[in-house]
Amino acid sequence: MYDTAFGKPIEILLVEDSPGDVDLVREFFDSSKIHNLLHVVVNGEQAMAFLRRKGRYTNATRPDIVLLDINLPRKDGREVLAGIKSDEDLKRIPVVILTSSKDEEDILKAYNLHANCYITKPIDLNQFIKVVHSIEDFWFSIVKLPPKGGKK
Amino acid sequence: MDRKQPKYNPLCIAPVFLLIMLICLYQTGRGYAQQVAGEFSAGVPANFPPHYSIDSQTGKPAGFAIDVMDEVAQRSRIKVRYVVYPTWTKTVEAMEKGEVVLIPNTGIIAERAEYMDFTSPIETFNIVIFVRETTQDIKGITDLIGKAVAVVETNVGVYLMKERGVSKLQIYSSQDEALLSLISGKSDALVYPEPPIKTILWKAGLEDRIKIVGEPLLEVKRGIAVRKGNQELIKKLDDEIKIFTKSPRYIDIYAKWYGKPAPYWTATRMAVLGGCLLAFTVITLIVWRYLSLIGLNKELRINIEERKKADVALRVSEERFRAIASNTPDHILIQDRQLRYTFVVNPQLGLTEQDMIGKTDYDFLLNDEADKLAKVKRQVIETGKPYHFETSLISKEGNPEFFDGTYVPKFDTHGKVDGLIGYFRNVTEYKQAVESLQQKEEKFRNLFNNAEVGMFRTRFDGSEVLDVNERFLVIFGRTREEVLGRPSLIHWADPHEREEMVRRLKEHNRVAEYECRMLNKKGEIRHCLTSLVLYPDQEIFEGSIIDITERKLAEEQLMAAMSDLERSNKELEQFAYVASHDLQEPLRMVSSYTHLIAQHYEGRLDEKTKKFMNYAVDGAVRMQRLINDLLTYSRIGTQGKPMKLTDTYSILGEVIRNLTAMIEENRVIITNDELPTVRADASQLVQLFQNLISNAIKFRSENIPHIHVSAQDRGREWVFAVRDNGIGIEKQYADRIFVIFQRLHTRQEYSGTGIGLSLCKKIAEHHGGRIWFESEPGKGSTFFFTITK
């Protein structure tokens, strides 16, 4: 449970190339009661750079959770997932796959790469908001996240 | 048989006899000098020429006898003193009185042996009958009766004539007078010792006027008479006489007194020699006979031994022959020259040996047949040449039986044909085997020639093609003449592949289905599947060739099609992915932001704008449903799971569970018959049943929906039926309803994209089946689909 008034904000990394979706997610988290900080990158390379604090992301904070789309330009979501889960420093960060793909193969592959959960974006706006709300509720209120800077 | 050898043995006699004979001959020719001192007196008559006479000049006795006596005396180293007596009688008396010891040349007569002994004969002569050359009627002693026969007084002839009763004797005092009487014709014959007359005739040259007829009347021998009791003297004289009478001196003396040499072959000698010769001949004959008898005997014994051995051998041989013959399946017949059977083994025609022995073919066969056989058999006997033939008989079972027959002449021990032997072998099975072999070979030949596979046989060194079949010629577009006897076809093969093929062939003696490229007559490449078998001992190999050029082409086409299909499948997958992800995104944007706009302008939008915005959202939602349906449809063939045994009853159960809300809402009654287990993709089968049942409910009539599911076994497939009592379908739409997105009703009447039945069709086809329906509008429909077993 986080202290929503005084505690540190929840750091969220959203990896999403569709500005429409980014705005929808941002709209939701801006109006959220939970104190959060949404970082957005638009492709896989940026995602990895952010996580490893490379390039212009040298001062980036370690996110508490990653919301990852699968189909991304340059480096796709699967590669990013594989990179996170095979990195000793990053592998404890929960990764939620948020994608419009219903493809069974995509789902299987994501879990094989140790995705923490797989969510298909609903087409209906209300449904979508419901889903994002569920994410917020589940991951930020129910789930105990690993302590930051914890031992490897 | 053992015959006793004859017991007499002439050989024991023959040597003895021969010895005696040789001694006789030797003794007559042997001479040796022995000194005997002494003088012996010899009495001689005064006148008995040519033996004794008184020489008119010297007054001393002379003559043949005196000369011989002198010669013998000299040789015996004795001295002889002659005492002359007037007559022969007086001389003999003088010896009896002991006045003289010797009388030279005295006739050796048995009567005289009483008072004197004789040496061996010095002279032998015959008393013969002399007649004139012209006399024809006197041929012997018997012809002398009534004839005037001249004789000389005191001569033995007088006694001989008187003895034989010849009365008309003319007795002369001397031999000269008697001979003159004969020559002058006064006498018809003269009987007198042969040598003195011959001497006179020889001296007078009258030999051809007088001849001797008939047998000698008497043979007279003369030897030196010795007074009895002088054995030593006799022996001494005898020894020298034997030598002397063979000497030239004796011949000289003889010629002096008789005018002709004394014949060596006197009657005695002749007799001795004759006797000897006779004896020799007899002995030789006996010896020869004996030897030949011994020889014959030996031969006989050997013959008997051989006979015995031969008998035993013959018996053994016959036993063996019979043993062999009676165990052979062959028929053996022996006939004599009269064609009577003498030996039979395994007779034919159901006859026994007893039936046949001593009989001829005429006893068993029709005359015509027997005639034919007799002709052949006689020919064999006459020519001595075997006769070979084949014949057939009908067996008791009525099947033809074939025989291979041979008549050979039978030879007796002398090599003469004494009959014939017939051998018959039942060759029915052999013939059948040959026939079946021929048929088989014919079959194989046909198989070979008509095979759809090219076949060939060729020398391993590649020098010559020995045999090929029709197909082979077709493959290479050549004629038989262009191939047979020519260098091997292996030269038509691709050099590298050929090398490899030969290597394998040498290593394993066989190559199976080796793919190689070969050139046909036109120089086109034919892809050939070649199998070869090498027979190293025969230095040939056989092989088969399948022309797979067309197959290869088809394969290549198939491969191309396959890769096309793969690519198409990949594209389809790509499409499915695009449909599942990339097409969804923009739709979501349309729908989401239309919503956001609506929220954003809430209260400020008029009804018309709201309606438009609803259409936009609805369109996006429908578009998404279509995309999803299309995705499902496309995945039927490509993402199907492997077929598994699936219980259709439990499938139905799952469908009912899935449709619970709908079923309850419509109060549907679902019944079913017994449902089978089939090989299927269970999830697709669920979808198939679910679509049909949900359609049946969706298109219900006023009545309570009643759906019945059944299945029927049609042998190679199951026919499933889903029957309802719904609104039914008009026949004209039979084809249309199974086409994707084709609808019979508006969305306002019945919701749905129109993919349901096309999906069903695709699933049924994916399971090797088909789908159709029967319907009566207003009463209901029955959908049928099949699934192959």
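Protein chains get the first letters and strands the later ones, always in sequence-line order, with residue 1 at the start of each.
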CG (A/Asp21) and CZ (B/Arg588) are apart, to the nearest 0.5 Å, by 4.0 Å
Please round to the nearest 0.5 Å and tell me the distance separating atom CE of B/Met589 and atom OG of A/Ser18.
4.0 Å
Whether over 12 other heavy atoms sit under 6.0 Å from [X] [atom1]:
X        : atom1 : result
B/Met562 : CE    : no
A/Tyr111 : OH    : yes
B/Arg667 : CZ    : no

Under a 4.5 Å heavy-atom cut-off, does chain B meet the side chain of A/Asp23, its backbone, both or neither?
both
Go through the structure and list residues passing salt bridge (charged side-chain N to carboxylate O under 4.0 Å, His left out) with A/Lys54, not counting sequence neighbours.
none
Less than 3.5 Å apart, which donor and acceptor atoms pair up between the side chains of residues 605-619 of chain B and the rest of the protein, not counting sequence neighbours?
| from | atom 1 | to | atom 2 | distance (Å) |
| --- | --- | --- | --- | --- |
| B/Asp606 | OD1 | B/Thr609 | N | 2.9 |
| B/Asp606 | OD1 | B/Thr609 | OG1 | 2.3 |

Find out whether A/Leu125 and B/Gln599 are in side-chain contact, i.e. whether some heavy atom of one side chain is under 4.5 Å from a heavy atom of the other.
yes
Check whether any side-chain heavy atom of B/His595 lies under 4.5 Å from a side-chain heavy atom of A/Phe128, and answer yes or no.
no
Which of these, A/Leu24, A/Asn126, A/Ile129, sits in a side-chain contact (heavy atoms from CB on, under 4.5 Å) with B/Ser592?
A/Leu24
